[in-house]
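Here, residue 1 is the first one in the sequence, and each next residue gets the next number.
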Amino acid sequence: MPGIIRANAADATINKWIDEFQPSTLTRDQQIEELTWFQNAAKPFKGMKIKIVSETIDTHVYESQTLAKAFSEITGIDLTHDLIQEGDVIEKLQTQMQSDQNIYDAYINDSDLIGTHFRYQKAVPLSDWMAGEGKDVTLPTLDVEDFMGKSFTTGPDGKLYQLPDQQFANLYWFRYDWFTDPQLKEAFKKVKGYDLGVPVNWSAYEDIADFFTNHVKTINGVRVFGHMDYGKKDPSLGWRFTDAWLSMAGMSDKGIPNGLPVDEWGIRMEGCRPVGSSITRGGGTNGPGAVYALQKYIDWLKAYAPPEAAGMTFSEAGPVPGQGNIAQQIFWYTAFTAALAKPGLPVVNPDGTPKWRMAPSPHGPYWQEGEKLGYQDCGSWTLMKSTPVDRRKPAWLYAQFCVAKTTSLKKTHVGLTPIRDSDIRHASFTERAPKLGGLVEFYRSPARVAWTPTGVNVPDYPKLAQLWWANVAEAVTGEKTAQEAMDNLAKQQDQVLARLERAKIGGECAPKLNKEESAEAWFKRSNGGQMEPKPKLANEKPQGVTVDYDLLIGAWRDGKVMPEGVKG
């Protein structure tokens with residue numbers, strides 16, 4: 001009876017929207033309580049027009065079309081959620097940071113900017129906000145500890161600067177049906193001398209790429225390839241590398257979420273000060289591991305991917321594995337899960353289960369236990385100090401509305417970009433798991449924390465990120481060698497760090513470049529190749545190692561990263 005009375009007493013608008021927000025980890029009564037809290041907390045801001053912005057992905061489309069409407073109806077705040085390209089989001093954010101003029105009342109921008117936000121001090125530290133000025137508009141049931149990505153959005157000062165709104169990992173994708181085919185398994189063992197399975201290291205990935213491209217060649221009359229990628233000179237070529245490609249090869253120091261003192265961009269940080277990218281300053285951007293990573297990317301693109309891949313951008317290459325002629329892809333975002341699980345695709349069975357699976361990314365020969373394994377995008381709510389407090393408060397209410405337990409599970413089912421541990425462990429995802437190719441098992445496993453966004457070593461993400469694609473492209477086209485391209489990139493990054501040092505951006509945590517020394521002097525300090533910059537390995541192609549996918553999934557379910565005894 002008390003529950004019925006509460007439901008009847010609840011606002012009719014709230015009752016209407018609760019039907020939309022199913023399933024939820026909360027009971028209906030608990031959802032009513034949360035939404036009633038939003039309604040009451042919003043009363044001082046009723047009638048205000050608030051604008052927020054994010055990039056265009058399915059999760060944000062759902063927010064802009066459904067959650068923004070629900071929020072406006074429940075609270076009386078006129079909320080507009082703009083969707084623009086990721087590069088444009090960063091441009092608007094930069095303009096607001098530089099001008100201190102309020103363009104948007106809140107941003108969903110990647111946690112890759114954590115080092116920028118921490119040093120420029122233009123973003124509101126949310127830890128301070130929730131305990132101070134924003135306390136009266138902070139949801140009592142927000143439960144920050146439930147967010148899987150909170151370590152990604154925490155600065156070196158221990159403060160939370162951003163609140164995760166969506167996240168997706170960059171994993172390995174492969175055709176499970178081909179990898180378990182007895183004839184293909186037998187043929188691979190005959191050609192390569194070991195079992196076909198999920199590659200643990202890059203040697204195995206290369207062997208599998210060669211096997212499907214040059215030995216299998218066709219399946220059911222269709223030309224198949226053992227690798228897929230993209231190589232067009234385009235900003236998306238930059239993400240291909242800054243999204244942790246160098247650390248996948250093993251160029252970084254140990255440390256989660258990011259290597260210390262050298263991170264996956266090759267930037268060395270001592271204390272909280274970035275001190276250089278070049279190996280002559282103790283960085284790793286142009287070290288052997290980084291050069292190896294770039295060279296392998298070029299070699300594989302040319303030798304094992306479809307010929308048209310070299311002329312494609314990220315968005316053009318994304319749908320290609322769904323066409324049915326790609327055996328595996330080393331660099332694949334889980335944001336494509338829904339698109340590749342659509343009924344009727346050549347890679348989906350008649351019962352709706354995928355013919356493909358996702359698994360941990362294989363690592364290169366420079367990688368060591370304790371280093372990050374790959375990249376995870378974490379689009380996160382960011383409040384700016386230049387936004388007046390009376391506008392910041394209703395924007396913060398909407399931010400929390402988009403991640404509250406009332407709405408977050410339904411949003412996760414729509415966009416497949418989980419942020420809450422409680423959501424991914426819900427029974428509705430246990431039921432849906434067989435149709436999602438390993439996504440649920442990955443996010444329930446301890447492996448999920450080894451895939452992380454760009455971290456605090458990067459003091460100005462927008463300025464540094466734009467250097468990557470032009471330099472990489474020169475190596476892809478053959479204008480420069482991999483070594484020359486990475487030397488140039490390291491030099492340019494050091495120039496940006498020097499400018500930030502002169503401007504004292506970040507105060508006590510501003511960059512302070514190390515004096516240049518010989519690469520050999522730094523290699524001698526590497527503790528026998530245990531620390532960056534690591535010297536060149538005598539053998540960059542060790543024996544390939546694979547693992548049976550079903551054993552791997554079993555390990556994840558048992559709370560382990562890998563089955564016992566699997567090393568590579």
Side-chain angles (χ1 to χ4, degrees), residues 25 52-55 57-64 67 81 86 89-90 93 106-118 123-127 129-130 134 138-139 141-155 158-170 243-244 256-258 333-335 337 372 374-384 395-426 429 439-440 442-444 447-456 461:
T25 56
I52 75 99
V53 69
S54 71
E55 64 173 305
I57 64 169
D58 287 350
T59 299
H60 299 322
V61 170
Y62 178 72
E63 289 167 343
S64 70
L67 293 180
H81 183 150
E86 183 183 7
V89 174
I90 290 178
L93 186 67
Y107 292 79
I108 304 176
N109 86 278
D110 283 358
S111 72
D112 295 333
L113 276 84
I114 182 64
T116 312
H117 292 319
F118 163 70
V124 177
L126 295 181
S127 303
W129 168 254
M130 291 187 286
T138 294
L139 180 64
T141 50
L142 184 60
D143 191 7
V144 172
E145 293 306 307
D146 192 35
F147 286 80
M148 296 184 287
K150 67 182 188 304
S151 64
F152 309 154
T153 59
T154 300
K159 291 179 182 178
L160 191 77
Y161 279 80
Q162 300 170 274
L163 187 70
D165 178 84
Q166 52 84 3
Q167 62 191 79
F168 53 90
N170 176 6
D243 288 3
I256 301 291
N258 304 89
Y333 290 101
T334 62
T337 303
K372 72 182 279 181
Y375 177 79
Q376 189 157 186
D377 186 286
C378 189
S380 303
W381 285 100
T382 310
L383 303 179
M384 306 305 291
W396 175 238
L397 284 173
Y398 176 65
Q400 295 171 101
F401 187 81
C402 290
V403 300
K405 289 182 180 177
T406 289
T407 59
S408 67
L409 180 55
K410 173 62 184 286
K411 186 179 85 170
T412 302
H413 275 291
V414 172
L416 298 177
T417 54
I419 50 169
R420 287 186 177 274
D421 186 66
S422 58
D423 286 341
I424 201 66
R425 297 192 189 283
H426 190 259
F429 268 114
L439 179 78
V440 174
F442 171 76
Y443 272 106
R444 287 178 176 180
R448 70 188 186 193
V449 297
W451 279 257
T452 68
T454 300
V456 294
Y461 183 93

From Phe152, Phe168, Phe442, residue fulfilling ring pair (Phe, Tyr, Trp, His ring centres under 6.0 Å) relative to Trp451
Phe442

Arg448/Asp421 salt bridge by N-O under 4.0 Å criterion:
yes

Output yes when a side-chain donor or acceptor of Arg444 lies under 3.5 Å from a complementary backbone atom of Ile424, and no otherwise.
yes

Please tell me whether Thr59 and Thr417 have a donor and an acceptor in their side chains that are separated by less than 3.5 angstrom.
yes

Minimum-distance pair of heavy atoms, taken over all atoms of Val89 and Glu55
CG2-N, 3.7 Å

Look only at the side chain of Gln167 and the backbone of Cys378, and say whether a donor-acceptor pair between them is shorter than 3.5 Å.
no

What is the distance from atom CZ of Phe401 to atom OG of Ser408, rounded to the nearest 0.5 Å?
11.5 Å

Quick one: does Ile52's side chain get under 4.5 Å of Trp381's, heavy atoms only?
yes

Which atoms form the tightest heavy-atom contact between Ile114 and Gly455, and what is the distance?
CG2-C, 3.8 Å

Are Asp165 and Lys411 close enough for a salt bridge, meaning some N to O gap below 4.0 Å?
yes

Quick one: closest heavy-atom pair of Ala106 and Leu383, and the distance?
CB-CD2, 3.9 Å

Looking at Ile256 and Ala450, what are the two nearest heavy atoms and their distance?
CD1-CA, 4.1 Å

Is a donor on one side and an acceptor on the other found under 3.5 Å between the side chain of Thr412 and the backbone of Pro418?
no

Pro257 and Lys372 have their tightest heavy-atom pair at O-CD, 3.8 Å

Spacing of Ser54 atom OG and Asn109 atom CG [to the nearest 0.5 Å]:
10.5 Å

Is the ring pair His60/His81 parallel, tilted or perpendicular, if the boundaries are 30 and 60 degrees?
tilted

side-chain hydrogen bond (donor to acceptor under 3.5 Å, both in side chains) between Tyr333 and Asp243: does it pass, once the steps are laid out?
CA-CA 10 Å; Tyr333 290 101; Asp243 288 3; 2.4 Å; yes

Quick one: do the Tyr443 and Asp423 side chains pair a donor with an acceptor below 3.5 Å?
no

When rounded to the nearest 0.5 Å, the distance separating OG1 of Thr153 from CG of Asp112 is 12.0 Å

Less than 4.5 Å apart, side chain to side chain, heavy atoms only: is that true for His117 and Thr382?
yes

Atom of Val414, atom of Tyr62 and distance for their closest heavy-atom approach
CG1-CB, 3.9 Å

